[in-house]
There are 4 protein chains.
Amino acid sequence: MLKKVPKQARSEHMVACILAGATRVLDAVPLAEATTNHIAEVAGVSIGSLYQYFGSKEAIAHCLLHQHLEQTVGLLREIRIASRGCPVEERMRLSFLEVLRDHRSHPMLHLNLTAVTQREDFPPSQLKQVVGRMIDEIALGLAEEHPEADPDEIRVCATLRHQSSMLLAHAALDRRRFGQDSLVMDYFDTLSAAQLSLLDRRPVRRAPQSS
Amino acid sequence: MLKKVPKQARSEHMVACILAGATRVLDAVPLAEATTNHIAEVAGVSIGSLYQYFGSKEAIAHCLLHQHLEQTVGLLREIRIASRGCPVEERMRLSFLEVLRDHRSHPMLHLNLTAVTQREDFPPSQLKQVVGRMIDEIALGLAEEHPEADPDEIRVCATLRHQSSMLLAHAALDRRRFGQDSLVMDYFDTLSAAQLSLLDRRPVRRAPQSS
Amino acid sequence: MLKKVPKQARSEHMVACILAGATRVLDAVPLAEATTNHIAEVAGVSIGSLYQYFGSKEAIAHCLLHQHLEQTVGLLREIRIASRGCPVEERMRLSFLEVLRDHRSHPMLHLNLTAVTQREDFPPSQLKQVVGRMIDEIALGLAEEHPEADPDEIRVCATLRHQSSMLLAHAALDRRRFGQDSLVMDYFDTLSAAQLSLLDRRPVRRAPQSS
Amino acid sequence: MLKKVPKQARSEHMVACILAGATRVLDAVPLAEATTNHIAEVAGVSIGSLYQYFGSKEAIAHCLLHQHLEQTVGLLREIRIASRGCPVEERMRLSFLEVLRDHRSHPMLHLNLTAVTQREDFPPSQLKQVVGRMIDEIALGLAEEHPEADPDEIRVCATLRHQSSMLLAHAALDRRRFGQDSLVMDYFDTLSAAQLSLLDRRPVRRAPQSS
DNA sequence: TATGAATGAGTATTCATTCAT
DNA sequence: GATGAATGAATACTCATTCAT
């Protein structure tokens with residue numbers, strides 16, 4: 001990802017500055033419209049230095065995405081541990097609220113980073129690993145609630161939760177549709193319950209309570 | 001939308017070619033990276049001709065989106081009319097399968113068109129109208145099933161269905177995660193039932209705090 | 001000049017329309033910014049027809065210039081003949097007023113046509129002839145006043161008059177400098193007198209009357 | 001005027017090269033037909049570098065015009081100071097010879113720069129100031145000769161002198177008409193005397209109607 | 001190592017001109 | 001002849017990337 005691993009304090013600070021600049025820039029314009037010169041300028045770093053550490057514009061985006069995923073995984077772990085003992089719905093909701101908060105603070109950024117992921121030429125290895133760790137973390141949470149469930153099934157379910165949380169959080173950014181968060185949370189609760197019921201092998205389909 | 005309305009057969013063919021080319025190109029790369037020259041080349045049309053009918057790169061994307069939405073609205077209507085008498089779940093599923101098939105045939109394209117929609121400078125009127133018609137069409141389907149429901153509530157529900165169908169269809173594109181459609185349909189059925197139950201005012205959620 | 005000499009009434013009308021359109025367009029924008037499509041549109045003629053009669057954009061400008069010079073030569077002749085018997089200054093002034101009026105009615109056009117003349121690749125023969133006739137006409141006027149003067153000298157003087165009249169008329173278009181025509185005419189009279197004195201072989205130089 | 005002020009020696013050289021190239025190009029073709037790529041090529045500089053310092057094609061022309069006017073103002077000042085004590089005609093002639101020499105060395109260039117001035121969208125401030133300084137300089141010369149004259153009248157006269165010098169110098173470029181400079185100088189002397197006499201309030205005109 | 005000047009391939013768009021109808 | 005759709009070379013300008021200082 002990084003062209004050169006920063007060893008000295010100065011280098012580390014440089015890389016941090018560049019990423020901070022990139023965060024600000026990519027939170028305002030799509031990656032394709034963001035220029036490296038602009039990122040360097042906002043970062044308060046010379047364009048030459050930027051290329052000392054990042055081989056290309058995409059490398060910056062990838063690094064940012066990586067950094068962000070790592071951060072989120074950490075947060076989710078903390079919440080999982082801290083919320084032990086709470087009712088399921090509450091635990092699910094707490095995690096999602098964290099994701100939501102994160103998206104709300106950098107609306108465009110997440111759209112951009114997701115777009116990077118969708119590219120055909122998306123580079124695998126490094127980033128796939130972090131996504132994997134994210135799924136693992138979610139799976140851990142589900143396993144705590146359903147110790148009896150098949151691990152494979154739990155992973156599939158975790159993957160779905162990850163996907164849908166991201167999608168819902170993105171959608172929630174559109175204030176025109178989701179004016180109030182209560183609507184989003186309602187939606188989330190419904191989704192979440194449905195998903196959990198899938199895990200219970202007792203599908204909700206066909207008007208369950210109406211019988 | 002179009003700079004000049006094609007009158008002769010030749011012109012119509014030209015516009016069709018350009019849109020076909022744009023479809024192929026935008027199904028491969030994000031709009032920001034697609035070049036007008038490339039679109040023209042793939043369309044087998046000179047760049048000058050492209051600009052004879054479309055004032056800008058964005059105009060092409062907008063036209064494509066418009067065309068596609070119109071098509072989908074039409075399909076949904078046909079399905080709604082043809083499926084009268086079938087059980088609810090079946091009707092819902094038929095519509096969604098259509099959406100899914102469409103996404104599957106042009107995976108990237110839909111991602112791109114959605115991205116266009118998210119742009120801040122997204123132009124209103126023309127396209128917003130078609131999105132409106134789409135919601136209306138979904139609302140009609142719901143109203144047939146719930147004639148007693150409040151029209152406003154139906155529209156909200158229709159909007160949510162539209163959103164979630166899109167989200168699910170997008171997610172389903174990721175073959176790495178949804179290898180078999182049965183999984184997607186399971187997911188859809190669950191979601192769909194949950195949403196319908198919301199309309200019934202009998203939420204699916206298990207043990208909400210309100211009890 | 002013309003690709004094809006119009007023979008029929010319809011063709012002549014066509015050419016007239018094109019030239020009228022070109023006049024309107026070139027009176028608004030510099031030749032380099034005027035497009036043939038725009039000229040055709042303003043002329044109410046198809047672009048294909050325009051190229052039927054004029055081989056290129058420049059051909060139109062040249063034709064316009066030619067037409068205009070012919071017209072001016074004719075006007076100057078009429079004035080010369082009609083003003084016989086008037087005092088010299090009056091005669092000179094009458095001619096210049098005609099030139100000035102013409103420039104005032106199509107300010108930009110003259111600037112443009114002059115610019116065409118200045119081009120390095122300005123084509124000779126045809127247009128040079130008309131300019132020659134213009135000089136001849138002016139020379140005739142001077143000869144009537146100075147029958148005793150050497151013909152060659154008269155031609156040089158006529159050339160100077162032509163040049164300076166054009167220049168002065170152009171300059172007079174700049175209302176910021178020449179707010180009132182009286183100033184222009186004052187200037188013209190001074191110039192004119194100085195030129196006539198050159199012809200008298202009694203140069204004005206060095207404060208003539210102050211001695 | 002300049003997008004970025006050159007600080008290092010290298011940058012200054014770059015800007016100098018670009019302006020030199022632009023001078024050569026604009027001395028051959030009208031601004032509208034000069035391409036930035038061509039200017040860059042002739043200047044031996046990459047197109048990117050050109051745009052590093054000049055925001056647009058027009059910016060180059062304006063800068064060139066500015067530079068040239070500054071230079072001329074400086075020259076005229078030097079001549080005025082150096083020629084103190086010489087007879088009036090001599091002083092006037094010396095200044096004009098300088099202008100003439102300048103035009104002769106870059107015939108088309110001056111035509112082009114003047115054309116730039118005539119554009120409707122001609123930007124004010126910066127360039128207008130230099131033109132103002134030019135008039136001021138000429139006025140200073142006149143004031144030395146006519147200390148008793150009204151300052152306002154001197155400025156009007158200076159403006160006229162500036163105009164007519166330019167016009168005459170432009171006209172003199174046409175070697176077909178002004179084969180020898182003696183003719184131009186004769187013409188200039190006559191004009192100059194006439195103008196000075198205007199300032200003396202004793203018009204040269206022969207037999208005006210006011211007598 | 002840090003800098004930022006220099007580079008030039010690449011982009012959207014225009015417009016003179018051709019030619020099938 | 002008249003039309004206007006089609007063409008594509010050409011243009012102004014941008015920006016990722018390199019490299020001399």
Side-chain angles (χ1 to χ4, degrees), chain A residues 4 6 8 10-11 14 32-41 45-60, chain B residues 4 6-15 17 32-41 45-58 60, chain C residues 4 6-8 10-11 14 32-41 45-60, chain D residues 4 6-15 17 32-41 45-60:
Chain A
K4 164 199 276 182
Q8 307 178 6
R10 187 168 51 149
S11 318
M14 191 116 251
E33 281 176 40
T35 73
T36 47
N37 283 297
H38 188 210
I39 291 175
E41 193 185 357
V45 151
S46 85
I47 182 68
S49 299
L50 188 152
Y51 275 92
Q52 187 99 46
Y53 294 104
F54 297 92
S56 71
K57 190 162 74 154
E58 280 70 31
I60 301 176
Chain B
K4 172 202 266 180
K7 293 164 200 168
Q8 307 180 3
R10 190 164 50 142
S11 327
E12 268 186 62
H13 179 241
M14 185 107 257
V15 168
C17 281
E33 282 174 42
T35 74
T36 46
N37 284 304
H38 187 211
I39 292 176
E41 194 184 356
V45 150
S46 88
I47 182 64
S49 299
L50 187 151
Y51 275 95
Q52 191 112 50
Y53 295 102
F54 298 93
S56 71
K57 191 162 71 154
E58 282 70 32
I60 301 177
Chain C
K4 165 198 278 180
K7 292 163 196 169
Q8 306 177 5
R10 185 166 54 150
S11 319
M14 190 115 250
E33 281 174 41
T35 73
T36 47
N37 283 298
H38 188 211
I39 291 176
E41 195 184 356
V45 151
S46 85
I47 182 67
S49 300
L50 187 151
Y51 274 92
Q52 188 98 47
Y53 294 104
F54 297 93
S56 72
K57 190 161 74 153
E58 281 70 31
I60 301 176
Chain D
K4 173 201 265 178
K7 294 164 198 167
Q8 305 179 4
R10 191 164 48 141
S11 329
E12 269 185 62
H13 179 241
M14 186 107 256
V15 169
C17 281
E33 282 174 44
T35 75
T36 47
N37 284 305
H38 188 211
I39 291 177
E41 194 184 355
V45 150
S46 88
I47 182 67
S49 299
L50 186 153
Y51 275 95
Q52 190 112 49
Y53 295 103
F54 298 93
S56 71
K57 193 163 71 153
E58 281 70 33
I60 301 176

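Just so it is clear: chains get the letters A, B, ... in the order the sequence lines come, proteins before strands, and each one is counted from 1.
Considering all non-hydrogen atoms of both residues, D/Ala32 and C/Ala32 come closest at CB-CB, 3.1 Å. The two residues C/Lys57 and C/Ala34 come nearest to each other via the heavy atoms NZ-O, 3.0 Å. Contact between B/Cys17 and B/Val45 at its shortest, heavy atoms only, is CB-CG2, 4.1 Å.
The nearest whole Å value for the distance from the CD atom in D/Glu12 to the P atom in E/dG4 is 17 Å. The separation between B/Met14 atom CE and F/dA6 atom P is 5 Å, rounded to whole Å. Atom pair C/Phe54:CZ and F/dA2:C1' shows a separation of 16 Å (rounding to whole Å applied).
Phosphate contact (OP1/OP2 of E/dA6, side-chain N/O of D/Tyr53, threshold under 4.0 Å): present.
Note that OH of D/Tyr53 is 10.0 Å distant from CD of D/Glu12, once rounded to the nearest 0.5 Å. With rounding to the nearest 0.5 angstrom, the CD1 atom of C/Ile39 is 4.5 Å from the CD1 atom of C/Ile60.
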Nucleotide-resolved protein contact map, nucleotides 13-21 of chain E, B/S/- at heavy-atom distance under 4.0 Å | BBSBBB---
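Between A/Leu50 and D/Gln52, it is A/Leu50 whose nearest contact on DNA chain E lies nearer the 5' terminus.
For B/Thr35, the side-chain contact (heavy atoms from CB on, under 4.5 Å) partners are B/Asn37, B/His38, not counting sequence neighbours.
For the strand DNA chain E, secondary-structure stems (runs of at least three Watson-Crick or G-U pairs, all distances below 3.5 Å) span E:2-21 with F:2-21.
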